[in-house]
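Along the sequence shown, residues carry numbers from 1.
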Amino acid sequence: MSTVLDSRKKKSGSRSRTATRTKTRAARTRTEQKPRARTAAGVVAARTERETGEPKLINRSKEWKLLYVPYPFDDSMKMTSGHAVESMAGVEVETYKDLCLNCQKEDVCTLPRPEGGVWRCEQFEQRTATIEVRPRRTSVHENVLAQFNRAADTMGLDSNLRKILAKTTNETVVNFPVKMDDNRVEMFTGYRVQHCNLLGPFKGGLRYHPAVDVDEVRALATWMTWKSAIVDIPFGGAKGGIQMDPSKYSSSELERITRRFTYALGNNIGPEYDIPAPDVNTNAQIMAWILDTYLSTVPPQERQRSTHVVTGKPLEAGGSAGREKATGQGIVYLIQEWARERRFDLSEATYMVQGFGNVGSWAARLMKRLGAKLLAVEDVSGAICDPKGIDPDELAKYVSGNKGLIGGYPGARPVDRETFFRTKADIFIPAALENQINGQTARWLKVKLVAEGANGPTDLNGDAILQEMDIEVLPDILCNSGGVVVSYFEWLQNKRSESWELEEVDAKLHKRLVNAFAKVMNAARTYNVDTRTAAYIVALTRLETAYKKRGIFP
Ligand code: NAD
């Protein structure tokens, strides 16, 4: 153990300081907030790990995770606990604090601790420690660029275009005040990033979530460019959002936040310039508020020809039939294409879904119509499973009366995250957030196909593991493109003052996605690459053709 302490002093001075500082703050926080919950998790973890000898992460809060590490090193190994976490659990650590396994029943560690903070528990026969870590957030934009570079190398993308597409065009950050119901004023930070408008106006959703930041929005905007190019619609890529937890605000507060954000964005959006749509925690109602606010800022003579400033609007306010279910519908059309190519019978298939919001719940319900059986669902409130099958229509009804959450659903058994990921099913539809399938969770999967409903649900490590495990992937930029396709239909209907029947919308969507699927599979065969790289190649080829024809100003 002394080697460990020496190495910490020599190699990680700054880390030690961070750890010590964090410890003091953490001790304070623990005294104030629910210490028992953490204690229970720690003890369970310790027992499990003593049996398996594997390091394990246990979710404790959104930010901090509790890790039990049976220290395997002998005196010749030089590792600090932070390094141990990184190398043993594959977690990139931002900061960490050591906890004493013995005194977790106490709020603050009272046992003597060795200098440097690494705890060696005397009660266990092996060297042990529990560590709380704050994992470093993987940059989603770095993931996009890595995917982009891989495809650009494979196809030999024009070097000038490569430089252009690696950057975003415009990045707008707005800080704006909003009066709350109790007359307090709160400040909010909103973003709109426009990646590329080579093929048409910027287009992409708005997200309300605490994790929204410029890195995430950049990535999401970039994915939108590829997506529109794959399905051959005349849009570029953009994305935006507000960094906040919408569940903390009343409906009237959300309306004021949305209207003020729209006002702050000003001319950065517009029906022929940049067209927002719903994304995580935003919906048709929010689009209607954006529409109304935007129209109030243009001269009355221009209002009627500006209704296509947002898509995903309610039907009564210029929305399109089929837009609400479009992303889920698109996922299912593509799964059907995949199954048709492989002669796989979907009426006998089993599937699992992560995220039961707009995308996940529609995909789940439409899969049921094909006869497939839903075995497990996870959302932000937890996970449930039932080997006999979960009825997605019943679950959707429950969720709509339960603040949008699956937690407490009586028709299935609650399970932990690992059990959810280890469910044996044919198809997994991740439809929540980014980086959910990573170096750890990918190894748990026992599925044949991952149909990516979410944007960026698989990080680079996860992707490599899926390939190694021969799990097929319908990549996000193809798989969830149904939403932007029907947004395009809505935009067209508004411009032409038309209103299409649902059957017409669905038929047109189906045609576009079948074509896109064929192009991606063709590129995968031609270049002998995975489907994600193939999807990028299809998108980049279209952008390259347009770029070469148009050239660059001046
Ligand atoms: P939503 O807000 O309607 O639903 C999000 C779901 O994810 C909720 O069920 C929520 O509980 C769950 N969730 C959030 N954090 C989670 C976590 N840590 N673990 C498990 N579940 C979690 O959002 P949505 O519109 O359905 O979007 C879902 C994904 O699909 C996002 O990645 C979004 O960018 C992408 N997408 C959406 C559309 C669209 O038309 N809405 C189009 C294309 C792609």
Just say parallel, tilted or perpendicular for the rings of Phe489 and Trp500, cut-offs at 30° and 60°.
tilted
What one should report as the nearest heavy-atom pair of Ile406 and Gly382 is CD1-O, 3.5 Å
Throw together a table of side-chain donor-acceptor distances under 3.5 angstrom for residues 261-269, partners on residues two or more places apart or in other chains.
| residue | atom | partner | partner atom | Å |
| --- | --- | --- | --- | --- |
| Thr262 | OG1 | Thr258 | O | 2.7 |
| Asn268 | ND2 | Leu265 | O | 2.8 |

Step through the shown structure and confirm whether more than 12 heavy atoms of other residues, nucleotides or ligands are within 6.0 Å of CZ on Arg525.
yes
Show, in sequence, the C-alpha distance, side-chain angles and deciding distance for Asp153 and Arg162, and conclude whether the salt bridge (Lys or Arg N to Asp or Glu O under 4.0 Å) test is met.
CA-CA 10 Å; Asp153 286 344; Arg162 191 169 172 149; 2.9 Å; yes
Looking at every non-hydrogen atom in both residues, tell me the closest pair between Ile437 and Pro430 and how far apart they are.
CD1-CG, 4.1 Å
Value rounded to 0.5 Å, distance of CG in Asp232 from CG in Asn515:
8.5 Å
Taking NZ, NE, NH1 and NH2 as the nitrogens, is one of them in Lys227 or Asp476 under 4.0 Å from a carboxylate oxygen of the other?
no
Do Phe344 and Leu449 have side chains that approach each other closer than 4.5 Å (heavy atoms only, starting at C-beta)?
no
Would you call Arg305 and Glu272 a salt bridge, using N to O less than 4.0 angstrom?
no
Mark yes or no for whether His195, through its side chain, and Arg218, through its backbone, hold a donor-acceptor pair below 3.5 Å.
no
Is it the case that the side chain of Trp338 and the backbone of Phe517 share a donor-acceptor pair, with hydrogens and angles ignored and the cut-off at 3.5 Å?
no
Between Val332 and Lys325, is any pair of side-chain heavy atoms under 4.5 Å apart?
no
For Val415 versus Phe420, what's the shortest heavy-atom pair and its separation?
CG2-N, 4.2 Å
Can you name the one residue among Met367, Glu324, Gln329 that meets side chain to side chain contact (heavy atoms under 4.5 Å, CB included) with Trp362?
Glu324
Is the Tyr208-Tyr249 ring centre distance short of 6.0 angstrom?
no
Candidates Thr458, Leu478, Leu474 - the one meeting side chain to side chain contact (heavy atoms under 4.5 Å, CB included) with Arg532
Thr458
Side chain to side chain donor-acceptor pair (under 3.5 Å) between Asn358 and Asn283: does it pass, once the steps are laid out?
CA-CA 9 Å; Asn358 172 289; Asn283 54 23; over 6 Å; no
Trace of the side chain to side chain donor-acceptor pair (under 3.5 Å) decision for Asn438 with Thr441:
CA-CA 5 Å; Asn438 51 38; Thr441 55; 3.1 Å; yes
